[in-house]
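Everything below concerns the one structure shown next.
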Amino acid sequence: MARRKKIYEGKAKILYEGPEPGTIVQYFKDDATAFNAEKKDVIDGKGVLNNRLSEFFMTGLTQIGIPNHFIRRLNMREQLVRNCEIVPLEVIVRNYAAGSMSKRLGIAEGMQLPRPIVEYCYKDDSLGDPLVTEEHIAAFGWASQQDMDDILSLALRVNDFMSGVMLAVGIRLVDFKIEIGRVFEGDYQRLIVADEISPDSCRLWDIETGQKLDKDVFRRDLGSLTDAYSEVARRLGVLPSNNVTKPTLIN
Ligand code: 5GP
């Protein structure tokens with residue numbers, strides 16, 4: 001088989017040139033990083049779980065008409081996605097106070113927010129993805145006002161969908177991060193949800209027990225990350241219920 005052209009390698013994924021124009025193969029690694037890669041480990045099976053979970057969430061978005069990059073899953077660790085130009089922003093939606101917002105504003109983790117709060121961070125690892133305002137975004141030309149209106153609308157629609165899906169399986173969607181891509185169709189550009197949606201990029205707490213089922217398990221040394229992600233996958237029906245701890249090698 002011909003070697004594929006690697007386009008980009010990030011902390012959790014590798015992107016390869018896709019088989020058709022305008023496509024990319026997204027490979028999910030087992031690497032876990034936190035605190036801007038100061039904490040690192042390889043977590044057996046994480047990539048398999050995130051590939052399946054991101055497929056599940058993106059397919060759900062497609063079903064309710066929220067445009068996203070997902071085309072189809074190729075195998076255990078890879079999915080075919082639309083090539084897009086990533087807007088250099090991390091779009092964070094928060095329903096409950098946690099993480100950096102709690103730290104920054106001194107608000108207790110777990111406090112329900114009066115309404116979803118959307119934040120933007122400038123995607124730059126060397127700067128630690130700093131929080132920015134719409135003023136910065138407009139002034140530095142990272143996105144236009146029309147883009148920002150579309151991004152806000154996409155983020156809130158994803159929040160409604162994800163909150164509902166998780167609530168149905170007894171999980172609270174505390175917050176999440178998405179990335180947005182531009183695709184060009186003739187003379188027009190459209191914004192779509194890109195990157196991934198997985199427990200790596202969400203905070204997910206069991207409604208009954210408050211147990212953390214997301215990357216905070218790794219960030220805060222709270223136990224087995226694959227157990228936590230497998231539990232999310234099992235509840236959503238993404239993995240068979242008798243296969244709680246180890247992702248199957250047969251897909
Ligand atoms: P916080 O700003 O509290 O650290 O994160 C808010 C939410 O966005 C959390 O669900 C967190 O997992 C997600 N998030 C923020 N930055 C990143 C990032 O660089 N990578 C990933 N995978 N998720 C992030």
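Both counts, for ligands and for their atoms, begin at 1 and track the order of listing.
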Margin query: Checking the side chain of N51 only, and the main-chain atoms of F28 only, is there a donor and an acceptor separated by less than 3.5 Å?
Written below: no
Going by the 4.0 angstrom heavy-atom rule, the piece of V174 near ligand 1 is neither
If we number the atoms of ligand 1 from 1 as shown, the ones under 4.0 Å from a heavy atom of D129 are 19 (O)
Check: Are there more than 12 heavy atoms of other residues, nucleotides or ligands under 6.0 Å from atom CD of E135?
Finding: no
Nearest non-hydrogen contact to atom 21 (C) of ligand 1 from the set K177, K103, M101 belongs to K177
The atoms of ligand 1 lying under 4.0 Å from a heavy atom of G99, numbered in the order shown, are 3 (O)
**Asked** Do N95 and V174 come within less than 4.5 Å of each other through their side chains, counting heavy atoms only?
**Response** no
For residues 104-123, the ring pair (Phe, Tyr, Trp, His ring centres under 6.0 Å) pairs (sequence neighbours left out) are Y122-W142
Open item on the list: Take a 6.0 Å sphere around CZ of R220 and say whether it holds more than 12 heavy atoms from other residues, nucleotides or ligands.
Closed with: yes
Quick one: does R203 get an N or O within less than 3.5 Å of an N or O on ligand 1?
-> yes
Closest to atom 7 (C) of ligand 1 among protein heavy atoms sits D175 OD1, 3.5 Å
Sorted by chain and residue number, the side chain to side chain donor-acceptor pair (under 3.5 Å) partners of S144 (sequence neighbours excluded) come out as D147
Using side-chain heavy atoms (C-beta onward) and a distance below 4.5 Å, is L80 in contact with P19? yes
Atom 22 (N) of ligand 1: closest protein heavy atom, distance to 0.1 Å, is D200 O, 3.1 Å
Note: R219, heavy atoms under 4.0 Å from ligand 1, region reported as side chain
With heavy atoms and a 4.0 Å threshold, my read on which part of C202 contacts ligand 1 is backbone
_Regarding ligand 1, does K215 bring an N or O atom to under 3.5 Å of one of the ligand's N or O atoms?_
no
(message) I'd like to know if the side chain of D175 reaches the main chain of C202, judged simply by a donor and an acceptor atom lying under 3.5 Å from each other, with no hydrogens or angles considered.
(response) no
Atom 1 (P) of ligand 1 has as its nearest protein heavy atom S100 OG, 3.4 Å
For E179, is the nearest heavy atom under 4.0 Å from an atom of ligand 1? no
Between D30 and D41, is there a side-chain heavy-atom distance shorter than 4.5 Å? no
The option among R104, E90, E119 carrying the non-hydrogen atom nearest to atom 17 (C) of ligand 1 is E90
